[in-house]
There are 2 protein chains.
Amino acid sequence: MDKIWNKYPEIKQELVDVLNLMKSNVKCKDKKIENSIIELIESGGKLLRPAFVLIGSKFGEYDREKSIPTAAVIEMLHMATLVHDDVIDDSKLRRGQETIQSKYGKDYAVYIGDYLFCICFKILATNASLQAIKVDSRAMSKICMGEVNQLNSRFSMNLSVKDYLSRISGKTAELFSISLYLGAAECNANTKISRELRNIGHNLGMAFQIIDDILDYEGNDESIKKSAANDLKQGIYTLPLIYAYKKDKNAFDNILAKDFYTEEEVSKIIELVKKNNGIENAKELAEKYMKKCFKGIDRLPENEYKYILRDIAEWLLLRTY
Amino acid sequence: MDKIWNKYPEIKQELVDVLNLMKSNVKCKDKKIENSIIELIESGGKLLRPAFVLIGSKFGEYDREKSIPTAAVIEMLHMATLVHDDVIDDSKLRRGQETIQSKYGKDYAVYIGDYLFCICFKILATNASLQAIKVDSRAMSKICMGEVNQLNSRFSMNLSVKDYLSRISGKTAELFSISLYLGAAECNANTKISRELRNIGHNLGMAFQIIDDILDYEGNDESIKKSAANDLKQGIYTLPLIYAYKKDKNAFDNILAKDFYTEEEVSKIIELVKKNNGIENAKELAEKYMKKCFKGIDRLPENEYKYILRDIAEWLLLRTY
């Protein structure tokens, strides 16, 4: 488990319970399936989303019988989307480990993702409210729509900042947002506070994703170049590029929309993005979301979890600044 | 809509309502997604599963507010599995129309399948009980497990009749079974009757799938040969072949497990299956399930729907006899 959780022993212990609940729910006759999912559970994601559920629930009448399953479901929904994303992106590695699709084949990965979705709803039906199922299925539709939208806009030179924001809103911000929200709402937190948490999650997710996309252009090491090249190759244009392209379309026109980029071409694109203030402009927008996020946290009622949430947001958002 | 429903105007009208509910639930901002799903809804499947839900619900206190959404969900779950199956099988056509994966690409089809799953659970959360969601998600896990199992046993010469039956139990029988069951249970039918309906659905589904697999070997026309060849190429061995192989392993050993079959080889395999009583033995087993199915129907309380169910079962099972 990520060492960040050592600082918050209560949350850490609850996250252990979440992982155990997940593991006990994937038990099935087919040991190959079971083991491949257990590997995935143990592969060491940051567990941000389930932690957000737990933190959110502390703002209501904390009830572990509701919070732990809700947190488990959110993490499994996230895992299901990752498994299917890896199919689409043909990714070989995830969190440093071989992906399901690379290890067992795409066919297998499609069904494992489906199976994870099913387990989510099985846990929800056993432990949560119809309201939570509604929120979860709506969020998941939004995430799917975001993914399809990303597919449809590949290699599109008409991509606007608005399109980009709506895409990442489905991709990252939605799950952050419902994690905090559902944690609170399922534990009967005050409606105003639940909504505040939902907005905090949204703004945190937006800032986090923009920063993630900036890192692809800002860093100098090889892995970062690779990641930028990978997105470019797939025709996924992120905020720094969109801003820079808007400023100097001609400069980009001959170099984009290729199936393959040489190292020189990637360096050239990164340089063009920097030259046209793509990174600077993207940072400004990330900061707007960050400010909204921290202001939201400030408005939360006083308790230790407010400060844990602030800590984690700082850890996620200030890592590069 | 299949002309079979003209015989039962009440069910037909309710199926129209089911289709309309499905269409209204797939409305979304992205018109490309919406239209591709509407096409799928209108592509003219037999609508057996939603009809089973409706018929099942007549054995309780029929409540259209529950039956129509439950029927819509079952059909959409079925559609979602078909979309993902087409991705796996690389199918170009389904019900005579181009598949989503062929028309829009595999990536798109993976997400459309996921999106359909989400809509199912959204409809369930709005209209059904937690119990129904539990039954649905369990059934879907079973279906996924069946699919994975089919993948894992491809090209396996150790396939037993038991393995085959457990595979088709997840593939076809499970949805038939929960359709009749959920229709009844959601309308508060007597527990004994709901269970009887569940067993009828299971036996009907088993017989139906075995007969479907027999048809691949029995028919003489080209389309049937193609279908048998397609299964063989994918290493999917069905009941007639399993029985025949058990009887004369040596005859098959040189001819199976190929990536490609010439027309002669397919004919040769079909001939070997026939020679070794594969079809005969498979028919005997299908008849056992058929008998159980019809006996179950006989035990249902007297009402017109009992006879409609018998009619449909006869239509499905006696088509080749």
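Chain identifiers are assigned alphabetically (A, B, ...) following the order of the sequence lines, protein sequences preceding nucleic acid strands; residue numbering begins at 1 within each chain.
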Next item on the list: Quick one: list whatever passes ring pair (Phe, Tyr, Trp, His ring centres under 6.0 Å) with A/F52, sequence neighbours left out.
Entry: A/F176
Checklist line | Point-to-point distance, once rounded to the nearest 0.5 Å, from CZ of B/F117 to CZ of A/F117 | finding: 8.0 Å
Note to self: Let me confirm one number: the SG-CD1 distance from B/C144 to A/I33, rounded to the nearest 0.5 Å.
What the structure shows: 8.5 Å
Notebook entry, point to check: Is there side-chain contact between A/I133 and B/L124, with heavy atoms separated by less than 4.5 Å?
Noted result: no
What are the atom names and distances for all donor-acceptor pairs below 3.5 Å between chain B and chain A?
residue : atom : partner : partner atom : Å
B/K32   : NZ   : A/N152  : OD1          : 3.2
B/H84   : ND1  : A/D114  : OD1          : 3.1
B/H84   : ND1  : A/D114  : OD2          : 2.6
B/D85   : OD1  : A/Y111  : OH           : 2.5
B/Y111  : OH   : A/D85   : OD1          : 2.5
B/Y111  : OH   : A/E147  : OE1          : 3.4
B/D114  : OD1  : A/H84   : ND1          : 3.1
B/D114  : OD2  : A/H84   : ND1          : 2.7
B/K122  : N    : A/S137  : OG           : 3.4
B/S137  : OG   : A/K122  : N            : 3.4
B/E147  : OE1  : A/Y111  : OH           : 3.4
B/N152  : OD1  : A/K32   : NZ           : 3.1

